[in-house]
2 protein chains.
Amino acid sequence: MEQKMSLEEKATASARPKRLGKNGDGSERHEVIYRAISDAIIKQQLHPGSRLREDALTEVFHISRTGIRKILQRLALEQLVTITPRRGASVTRPTAKEARDVFAARQMVECGLMPEVARHITDQDVDELREMAKREREALKTGEQSTAIKLSAAFHERLAQLSGNATLAAFVGQLCSRSSLILAVYGSAGHLGCESHDHDDLIDYLAEGDGEKAKAFMNHHLQEIEASLSIVEEEAAAPDLHQIFGMTS
Amino acid sequence: MEQKMSLEEKATASARPKRLGKNGDGSERHEVIYRAISDAIIKQQLHPGSRLREDALTEVFHISRTGIRKILQRLALEQLVTITPRRGASVTRPTAKEARDVFAARQMVECGLMPEVARHITDQDVDELREMAKREREALKTGEQSTAIKLSAAFHERLAQLSGNATLAAFVGQLCSRSSLILAVYGSAGHLGCESHDHDDLIDYLAEGDGEKAKAFMNHHLQEIEASLSIVEEEAAAPDLHQIFGMTS
DNA sequence: ATACCTCCTATTGTATACGGATTTTTGTGC
DNA sequence: GCACAAAAATCCGTATACAATAGGAGGTAT
């Protein structure tokens with residue numbers, strides 16, 4: 001319920017019932033809705049496993065099923081939602097193997113990108129990154145976990161963009177989104193994602209132009225995150241409700 | 001014209017006009033059609049820039065526009081087709097920068113994967129790869145360029161799959177597909193993609209379990225392919241026709 | 001002959017309704 | 001409490017309608 005509320009909140013902010021905003025801004029509207037759902041997932045306001053019924057979404061966003069389906073398809077291709085043949089869409093619950101694969105991929109790509117980033121980075125970029133890291137720290141301090149998670153992903157994605165390779169940057173973006181899901185499933189409660197000062201240290205290395213050091217640090221950074229997770233195969237479909245809720249007898 | 005013919009050929013092979021195959025096999029049909037179009041693009045039977053009108057596709061594949069649009073959306077997300085707001089879909093014509101980015105990405109990921117592949121590979125895998133390489137060589141010999149191109153991409157993708165990392169393998173698959181388009185645009189006529197014996201040599205290194213050597217060879221292999229291309233920004237819309245066709249006066 | 005402007009056609013984007021199929025849930029009996 | 005059956009909910013694919021726009025055809029002026 002509260003999930004729907006938060007979605008509606010975002011929707012009314014932009015999808016003003018202009019009634020006949022028929023076309024022209026159409027694709028724009030789709031983009032906004034896509035981002036709203038995507039953000040809600042990344043911010044862990046929509047938890048893995050949550051079902052996303054088409055009718056409900058059409059109602060919330062005041063859009064036709066056609067549009068919703070298009071958006072859900074896109075999210076499915078990005079692995080943020082899972083569409084099961086006749087059951088509809090639900091927020092993806094990454095398996096343990098997927099989790100390991102995603103982090104292995106991040107390790108390879110993000111680390112490999114660091115030297116390139118160090119070579120391309122400008123003073124202006126450094127300022128922007130510092131600003132992002134600062135906002136992230138503040139969000140953490142004020143307890144806005146959702147925001148902090150999203151900002152952390154955005155930081156890593158922006159970093160990849162600075163390499164100049166759009167293809168790899170887009171890939172990193174997807175990996176970060178999925179990482180957010182992984183944290184939601186396998187992360188321990190207290191410890192969430194990146195350490196607050198890690199990003200600042202990383203920026204320092206990049207500002208110095210020391211790509212190798214940045215690479216090593218990123219390696220360490222990602223390893224630390226992955227190590228903080230407890231990636232174990234969870235119990236199957238019908239878990240032990242009896243065990244969870246004491247004895248039923 | 002001939003493009004449509006080849007598409008129809010593939011379509012009738014599977015999308016038999018069962019008339020009311022209404023539902024059930026629906027998603028399967030979609031998958032088949034998706035692959036048909038995807039293959040046609042990768043095999044360069046559909047050239048970059050070719051328009052893919054929805055009506056034409058519905059006619060060829062006997063599918064509704066809704067279904068076609070879904071498939072086109074997917075192809076667009078994989079960068080094989082480009083959808084321009086009110087102009088519809090066309091086979092993507094990669095820019096020079098995209099071409100460089102794709103090859104840089106392949107360099108990083110495929111090379112980085114080689115040690116892992118060498119670690120996981122089994123004798124059975126080696127046999128399978130040898131078989132694939134053989135078929136590719138035969139296709140080259142008999143002049144089936146389209147088939148050879150597709151087999152080459154399939155080889156690289158299968159190789160990535162052997163690393164055990166599904167996420168990175170899927171990414172490599174996309175990169176290979178896009179590479180095919182890049183070859184179509186920037187490749188010289190005679191020289192197409194991988195050298196015939198390169199793949200066999202690579203298999204040897206992997207069979208020996210020498211991941212580092214395989215990595216170095218893959219590096220060389222990809223560099224060679226990229227070097228064989230002439231990746232230059234092509235002239236804009238209205239080039240110098242006067243200069244091309246002698247003096248007009 | 002060329003350039004520019006207007007109108008028209010073709011095609012896409014979106015919404016909606018419908019039929020069919022499957023999953024999930026509810027209800028009943030043992 | 002469990003198994004089975006009926007019912008409801010929901011999704012998937014298709015067909016259709018309509019609005020909106022892009023690109024081209026054609027005409028006109030210089």
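Below, chains carry the letters A, B, ... as their sequence lines are ordered, and counting in each starts from 1. Only heavy atoms go into these numbers, but all of them, side chains included; no hydrogens, no water, no symmetry mates. Note that the structure is predicted; figures quoted are calculated from it, not measured.
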Secondary-structure stems, DNA chain D, at least 3 Watson-Crick or G-U base pairs under 3.5 Å: C:1-30 with D:1-30
Between dA15(C) (P) and Leu57(A) (CG): distance, integer Å: 14 Å
Integer-rounded Å distance: dT23(C) P and Ile83(A) CD1: 16 Å
Heavy-atom side-chain contact between Gln44(B) and Ser180(B) under 4.5 Å: yes
Side chain of Arg65(B) - closest among dT10(D), dG13(C), dC12(D): dG13(C)
Whether Asp125(A) side chain and Thr122(A) backbone form a donor-acceptor pair below 3.5 Å: yes
Lys/Arg-Asp/Glu bridge criterion (N-O < 4.0 Å) met for Arg74(B), Glu31(B): yes
Nearest listed nucleotide, side chain of Arg69(B), among dT12(C), dC11(D), dA15(C): dT12(C)
Nearest-neighbour nucleotide for the Arg29(B) side chain, dT14(C), dC11(D), dT14(D) considered: dT14(D)
Rounded distance in Å - CD1 (Ile33(B)) to C1' (dT14(D)): 13 Å
Interatomic distance, Ile182(B) atom CD1 to Glu226(B) atom CD [nearest 0.5 angstrom]: 8.5 Å
Proximity to the side chain of Arg87(A) - top-ranked nucleotide from dC12(D), dT23(C), dT10(D): dT23(C)
Distance in Å, Gln45(A) CD paired with Gln145(A) CD, rounded so as to fall on 0.5 Å steps: 12.0 Å
Distance test, side-chain N/O of Lys70(B) to OP1/OP2 of dG13(D), below 4.0 Å: yes
Nucleotide of dC12(D), dA15(C), dC11(D) approaching Ile63(A) most closely (side-chain heavy atoms): dA15(C)
Of Glu54(B) and Thr66(B), the one whose closest DNA chain C nucleotide lies more 5': Glu54(B)
Rounded distance in Å - CZ (Arg53(A)) to C1' (dT24(C)): 12 Å
Non-hydrogen side-chain atoms of Val91(B) and His47(B) separated by less than 4.5 Å: no
Distance in angstrom units between Phe61(A) CZ and dT14(C) P, rounded: 16 Å
Side chain of Arg86(A) (C-beta onward), nearest among dT14(D), dT23(C), dT12(C): dT23(C)
Euclidean distance, atom CG of residue Leu72(B) to atom C1' of dT12(C) [Å, nearest integer]: 11 Å
Separation of atom CD in Glu28(B) from atom P in dT22(C), rounded to whole Å: 14 Å
Leu72(A) vs Ile68(A) side-chain heavy atoms within contact, under 4.5 Å: yes
Gln124(A), CD atom: more than 12 neighbouring heavy atoms under 6.0 Å: no
Whole angstrom value for the distance that separates C1' of dT14(C) from NE2 of His62(A): 17 Å
Nucleotide of dT21(D), dC11(D), dC12(D) approaching Asp55(A) most closely (side-chain heavy atoms): dC11(D)
Of the listed nucleotides dA15(C), dA15(D), dC12(D), the one nearest the side chain of Ser64(A): dA15(C)
